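Read the structure below first, then the notes.
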Amino acid sequence: YGISAFGLAKQLDISNTEAANYIRTYFERYPGIQKYMEDTKTAAAKFGFVQTPFGRKCHILGINEANPKIRGMAERAAINAPIQGGAADIIKRAMVKIPSVFLKNDLGARMLLQVHDELIFEVENREVEKTIEVVKKTMEDAANLDIPLVVDIGIGTNWDDAH
């Protein structure tokens, strides 16, 4: 999100110099990230919003504020919104498809809850393997990206056990 050396040093309990070196090395190793961040901040300031990879607009309040603290928070939100918003778009695409996939496969599983990028289901023991198969495929096929979506599945009698 554009953390400062001071913020990183505090989080990791290291010196500001060491934190600054981590940040510098990171951007040297991945220069496309710095470009993405700058381009995103510029576009947000110009248009007042950013877009997810699927075209959903995320309005960024405070992006042109004179107050640097408010503007900085808005810039971090602008950088994050397309990434996190894109992930939200993908999970919603999968959620919309899953009920019909369950019907098509004669599965009685029920989608109970979404937590960030996770879906939680209630499934009869005899349907676990088939449900895993169709949920994994549906989620991995929810979007066509340059990189594959990989879905991990956990099983348990409660959410904690499934992790």
Side-chain angles (χ1 to χ4, degrees), residues 1-98 111-122 132 135-163:
Y1 305 114
I3 194 169
S4 67
F6 175 79
L8 184 61
K10 189 172 178 177
Q11 266 187 16
L12 300 180
D13 195 27
I14 59 176
S15 72
N16 287 348
T17 302
E18 191 175 4
N21 286 336
Y22 280 147
I23 293 169
R24 182 184 41 69
T25 301
Y26 176 78
F27 287 125
E28 285 172 357
R29 195 167 289 165
Y30 305 104
I33 293 173
Q34 185 85 48
K35 181 175 177 0
Y36 163 79
M37 291 169 68
E38 293 307 318
D39 290 352
T40 302
K41 290 189 291 188
T42 300
K46 180 177 180 181
F47 300 112
F49 65 87
V50 294
Q51 289 183 286
T52 69
F54 303 96
R56 184 167 52 89
K57 291 181 181 178
C58 303
H59 294 274
I60 307 297
L61 300 176
I63 192 67
N64 291 311
E65 274 289 327
N67 181 317
K69 187 173 182 178
I70 294 171
R71 187 178 58 252
M73 287 174 50
E75 288 173 347
R76 288 187 292 280
I79 291 164
N80 182 48
I83 298 164
Q84 211 133 11
D89 293 346
I90 291 169
I91 196 82
K92 288 173 185 152
R93 287 169 167 231
M95 290 172 70
V96 166
K97 293 176 182 176
I98 285 173
M111 186 172 11
L112 299 178
L113 185 65
Q114 174 210 352
V115 181
H116 302 291
D117 63 348
E118 295 183 35
L119 296 177
I120 298 160
F121 299 90
E122 185 174 67
I132 287 172
V135 166
K136 184 172 175 58
K137 178 163 180 31
T138 302
M139 290 180 76
E140 289 179 346
D141 292 348
N144 294 319
L145 304 174
D146 292 338
I147 58 167
L149 286 173
V150 178
V151 173
D152 295 321
I153 306 281
I155 302 169
T157 57
N158 59 56
W159 191 41
D160 187 44
D161 288 349
H163 286 89

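Remember, predicted model here, so these are calculated numbers, not experimental data.
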Worksheet entry | Ring centroid separation Y30 to Y26 under 6.0 Å |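 Yes - the distance between ring centres of Y30 and Y26 falls below the 6.0 Å cut-off.
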Indicate yes or no: at least one non-hydrogen side-chain atom of [X] is less than 4.5 angstrom from one of [Y].
X    : Y    : answer
F121 : L112 : no
I155 : D161 : no
R29  : T25  : yes
M139 : E118 : no

Review item, side-chain donor-acceptor pairs of residues 57-64, under 3.5 Å, at least two apart:
from	atom 1	to	atom 2	distance (Å)
N64	ND2	A45	O	3.0

Worksheet item: How far does OG1 of T42 sit from CD of E75, to the nearest 0.5 angstrom?
Response: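 Going from the OG1 atom of T42 to the CD atom of E75 covers 8.5 Å.
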Discussion item. Using 0.5 Å steps for rounding, measure from the CG atom of D141 to the CZ atom of R93.
Written reply: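 Rounded to the nearest 0.5 Å, the CG-CZ separation comes to 12.0 Å.
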Practice prompt. Decide if atom CE of M95 counts as having more than 12 heavy atoms of other residues, nucleotides or ligands within a radius under 6.0 Å.
Written response: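 Counting neighbours around CE of M95, more than 12 heavy atoms of other residues, nucleotides or ligands fall under 6.0 Å, so yes.
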Worksheet item: Is the count of non-hydrogen atoms from other residues, nucleotides or ligands lying under 6.0 Å from H116 atom NE2 greater than 12?
Response: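 No, NE2 of H116 has 12 or fewer neighbouring heavy atoms, counting only those of other groups under 6.0 Å.
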Please list every donor-acceptor pair under 3.5 Å in which a side-chain atom of residues 6-14 meets a protein atom from a residue at least two apart or in another chain.
none

Discussion item. Regarding E38 and K41, does a basic nitrogen lie under 4.0 Å from an acidic carboxylate oxygen?
Written reply: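 Here E38 pairs with K41 in a salt bridge, since their nearest N and O are under 4.0 Å apart.
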Worksheet item: N21: what forms a side chain to side chain contact (heavy atoms under 4.5 Å, CB included) with it, not counting sequence neighbours?
Response: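 Partners of N21 by the side chain to side chain contact (heavy atoms under 4.5 Å, CB included) criterion, ordered by chain and then number, come out as T17, R24.
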